[in-house]
Amino acid sequence: MRPFTSTIFAEITELARKTGAVNLGQGFPDTDGPEGMLRIAQQAIADGVNQYPPGPGIPELRTAIAEHRRNRYGSEHDPDSEVLVTVGGTEAMSAAMLALLEPGDEVVLIEPYYDAYPVAVAMAGGVRRTVGLTQGPDHRFVLDVDALRAAVGPQTRALVLNSPHNPTGTVFTAEELAVIAEVCRENDVIAITDEVYEHLLFDGRKHTPLATLPGMAERTLSISSSGKSFSATGWKIGWICGPAELVAAVRSAKQFLTFVGGAPFQPAVAHALRNELGWAEQLRSDLERKRDLLSRGLSEAGFDVLSSEGTYFVCADVRPLGFTDGAQLCRELPDRIGVAAIPVQVFCDHPEATRHLVRFAFCKRDEVLNEAVERLHKLS
Ligand SMILES: *Cc1c(COP(=O)(O)O)cnc(C)c1O
């Protein structure tokens, strides 16, 4: 674990606290999820739903997850053998790595990557290979498909795909998904997809699970979570769906990581998946507007702003402001103008490619974003 001990998140959070900065570093919302969902969790606690739930998750939630995948994407999952409830998307990812990898097996990650992935690979004794997203035309990131093909070989056991993508806000295109699927099929690689932002796509984009592409359902483990869709990141109710034999392997690992979690939250999330998708759609359109508000503010402050197509995040190039290093700017920002953000290079094995980029979170109340924008104007 030595490579993973120090995190810039802790450093920036501490700086933000000391300086009273508006913290756009942390990716969690500052408002609550749907009231009906919160009420069901409160009632569940009052009703005594406080002991270990069943190992795979309560049947009601597994059924709601399977229905949601069917209604939204046309995917079929047996709630008993092909759906597993986990302690957030994070445990699902770690359990999947532990289930699939033998020591020395390789896992392809797309970088910048979510910070939990390299740790999950390392804890399972795997070796990561990374493929970069590069800044393409139209201010969006594109997958380097040649590098992807080159990264996959006989040692590759799994590939992780996160779309919509944290930290860039990229939604992978149909063409990119097709290449990823082809590479997985041709090299007998298992895809592990992180779809925690599946409801948070902007400008009319639709989420396409990799598992719905030809030949992929039998080799894909699809992960999602209630945290981002229903603004309940502290509940840590996630899930993983896929073919029965892969889910059984993940269940074995999960059993000895946490066994179970979040008994009173499970019926509340089942309710949310069935009855609060309208609420999630409202969240999506609010976030789209907040993305515009912050992107405009960053742009007026002198940043070159990249397009955010989904998630909580937008990335900005610091070079027009005379900086070359996003990490240096992030260390100065709280003190200089009272805003905190995260440099993208910390999510990379090859930090030079993203040294000029900084990630800002816009999943905050309008008054918080407006205050941040006002302060950002002091930069130029
Ligand atoms: C927030 C986040 C997660 C964590 O999900 P939990 O359900 O809180 O464990 C996983 N992946 C990505 C890309 C995220 O941004």
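Model, not experiment: these values are computed from the prediction. Indexing begins at 1, ligand by ligand and atom by atom, following the structure's order.
- In this structure, L98 shares a hydrophobic cluster with L257, the cluster being traced through Ile, Leu, Val, Met, Phe, Trp and Tyr side chains under 4.5 angstrom apart.
- Under a 4.0 Å criterion applied to the non-hydrogen atoms of T90, ligand 1 contributes the atoms 4 (C), 5 (O), 6 (P), 9 (O).
- Between S225 and ligand 1, at least one N/O pair is under 3.5 Å apart.
- Under the rule for a ring pair (Phe, Tyr, Trp, His ring centres under 6.0 Å), the partners of F360 that lie at least two apart in sequence or sit in another chain are F303.
- Taking a cutoff of 4.0 Å between a charged side-chain nitrogen and a carboxylate oxygen, K228 and E198 do not qualify as a salt bridge.
- Near N162, the atoms of ligand 1 lying under 4.0 angstrom from a non-hydrogen atom of the residue are 13 (C).
- Nearest-heavy-atom check against atom 6 (P) of ligand 1 across G238, G89, S224, S94 picks out G89.
- In the displayed structure, E186 atom CD is contacted under 6.0 Å by more than 12 heavy atoms of other residues, nucleotides or ligands.
- Distances between N or O atoms of T233 and those of ligand 1 include no value under 3.5 Å.
- In summary, the atoms of ligand 1 found under 4.0 Å from a heavy atom of Y197, numbered by their order in the structure, are 13 (C), 14 (C), 15 (O).
- Distances below 4.0 Å separate heavy atoms of G88 from the following atoms of ligand 1: 6 (P), 7 (O), 9 (O).
- Using cut-offs of 30° and 60° for the angle between ring planes, the H207 and Y73 rings count as perpendicular.
- Between I58 and P267 the shortest heavy-atom distance is CD1-N, 3.6 Å.
- Among protein heavy atoms, the minimum distance from atom 8 (O) of ligand 1 is reached at K236 NZ, 3.3 Å.
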